[in-house]
A.B. asks: 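My questions all concern the structure below.
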Amino acid sequence: MVIKEIEHFNIEQICDSGQCFRMERKDSGLVSVIAGERYLEVRQDGKTCSFKCTEEDFESFWKVYFDLEEDYGTFIEKISPKDSYLMRAAEIGSGIRILHQDLWEMIVSFLISQQNNIVRIRRCIKNICEKYGEEQQDEQGNIFYSFPKPEAFVGLEEDDLKVCNLGYRSKYVVRTANAIVSGEVSLDAVKTMSYRKAREELLKLFGVGEKVADCICLFALHHLEAFPVDTHIQQALKKHYKRGFPKTRYKGIQGVMQQYIFYYELFYKE
DNA sequence: CGCCAGGGGAGCT
DNA sequence: AGCTCCCCTGGC
């Protein structure tokens, strides 16, 4: 067990922020996370966080995964005091962090996200993990499923993932898996690219549009300048930023601001 | 039963 | 850049 006092970190807010579909609220204050071959439970009690893992695991993996080396206080300080809307949104969602998630997993997750709601996205991901992923058991006896690799989808018919509740998005995932395995698009290459180049490369994938590409850039590649515009953000921009979002002011960290707005709109819209 | 919305995208012009 | 059409589920 690793216990830390952490500023600007709230596991429940991160869970609700919808950047990871493999986080689950257990009891109040307790959240489980699956990342790669790892399972973790985090308990939040005010600023005190208990990570149910070894010190080595925390230092070598989870600290980076949760972006704990970044100082989000400096991000929040950059918000214009005149912008009462963003000030409020950042205050409400001040515990959000941009996770460092797996690239392939984010591609699939956000392919599934289109015209879909968060509850059902979670179920879709769970379904494909249980059908095509591998059962894992860690040292503490937790049983869970890993996220299936691209190879696991090769050879499928385009509609085969409909049984996992993906609907018409099934063919997006099957075709994209083939594009990765065939080498048409190289994930390793994408990881080394700038935001612009990575976005451009991701747009080649069938089913990946601008919004999805930006989500992948933000949540997997940690390009904090990516600013995904979905229906909620679009409405918020129309309402609060009639002259456009001040991207120059928040240059390089627009993605963090996007998350504050998104979370606020979803959970605190009056 | 119909209607519609849920973190869009493809394929046009 | 803007438009139409596409498409699957679940809730009402």
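Order of the sequence lines sets the chain letters (A, B, ...), proteins ahead of strands, with each chain counted from 1.
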A.B. asks: Just call it for V229(A): base, sugar-phosphate, or nothing, with non-hydrogen atoms closer than 4.0 Å on any strand.
C.D. replies: nothing
A.B. asks: Atom CD1 of I125(A) and atom P of dG7(B): how far apart are they, to the nearest Å?
C.D. replies: 14 Å
A.B. asks: Say we look at dC7(C) and dC3(B): how far apart would their C1' atoms be, to the nearest angstrom?
C.D. replies: 16 Å
A.B. asks: Angle class for the Y132(A)/F153(A) ring planes (parallel below 30°, perpendicular above 60°, tilted otherwise)?
C.D. replies: tilted
A.B. asks: Within the 4.0 Å heavy-atom criterion, would you say I118(A) contacts the bases, only the backbone, or no part of the nucleic acid?
C.D. replies: base
A.B. asks: Is the backbone of I92(A) close enough, under 3.5 Å, to the side chain of Q13(A) for a donor and an acceptor to pair up by distance?
C.D. replies: yes
A.B. asks: Sticking with atom P, work out how far dC3(C) lies from dG7(B), rounded to a whole angstrom.
C.D. replies: 24 Å
A.B. asks: At under 4.0 Å, does any side-chain N or O of T231(A) touch on OP1 or OP2 of dA5(B)?
C.D. replies: no
A.B. asks: Could you check how far CD1 of I121(A) sits from C1' of dA5(B), rounded to whole Å?
C.D. replies: 13 Å
A.B. asks: Go ahead and name the base partner of dG8(B); Watson-Crick or wobble counts if both distances stay under 3.5 Å, otherwise write none.
C.D. replies: dC6(C)
A.B. asks: Rounded to whole angstrom units, what separation is found between the CG atom of L205(A) and the P atom of dG8(B)?
C.D. replies: 18 Å
A.B. asks: Does G207(A) reach a base, just sugar-phosphate, or nothing at all? Heavy atoms under 4.0 Å.
C.D. replies: sugar-phosphate
A.B. asks: Hey, what's the ring geometry for F61(A) with Y65(A), parallel, tilted or perpendicular (30° and 60° as the breaks)?
C.D. replies: parallel
A.B. asks: Please report, rounded to the nearest Å, how far the P atom of dG10(C) is from the CG atom of L166(A).
C.D. replies: 12 Å
A.B. asks: Should the pair H222(A) and H100(A) be assigned to parallel (<30°), tilted (30 to 60°) or perpendicular (>60°) ring geometry?
C.D. replies: parallel
A.B. asks: Describe the nucleic acid contact of S17(A) in one word from base, sugar-phosphate, nothing, applying a heavy-atom distance below 4.0 Å.
C.D. replies: base
A.B. asks: With a 4.0 Å cut-off on N to O distance, would you call D138(A) and R38(A) a salt bridge?
C.D. replies: no
A.B. asks: Find the distance I107(A):CD1 to dG9(B):P and express it as a whole number of Å.
C.D. replies: 13 Å
A.B. asks: Hey, does V119(A) reach any base, or is it just sugar-phosphate, or nothing, if we go heavy atoms under 4.0 Å?
C.D. replies: nothing
A.B. asks: NA contact type, Q258(A), heavy-atom cut-off 4.0 Å: base, sugar-phosphate, or nothing?
C.D. replies: base
A.B. asks: Expressed in whole Å, how much space separates the C1' atoms belonging to dC1(B) and dC12(C)?
C.D. replies: 12 Å
A.B. asks: How long is the line joining CD of Q115(A) and P of dG9(B), in whole Å?
C.D. replies: 9 Å
A.B. asks: Using whole Å, report how far CG of N117(A) lies from P of dG7(B).
C.D. replies: 5 Å
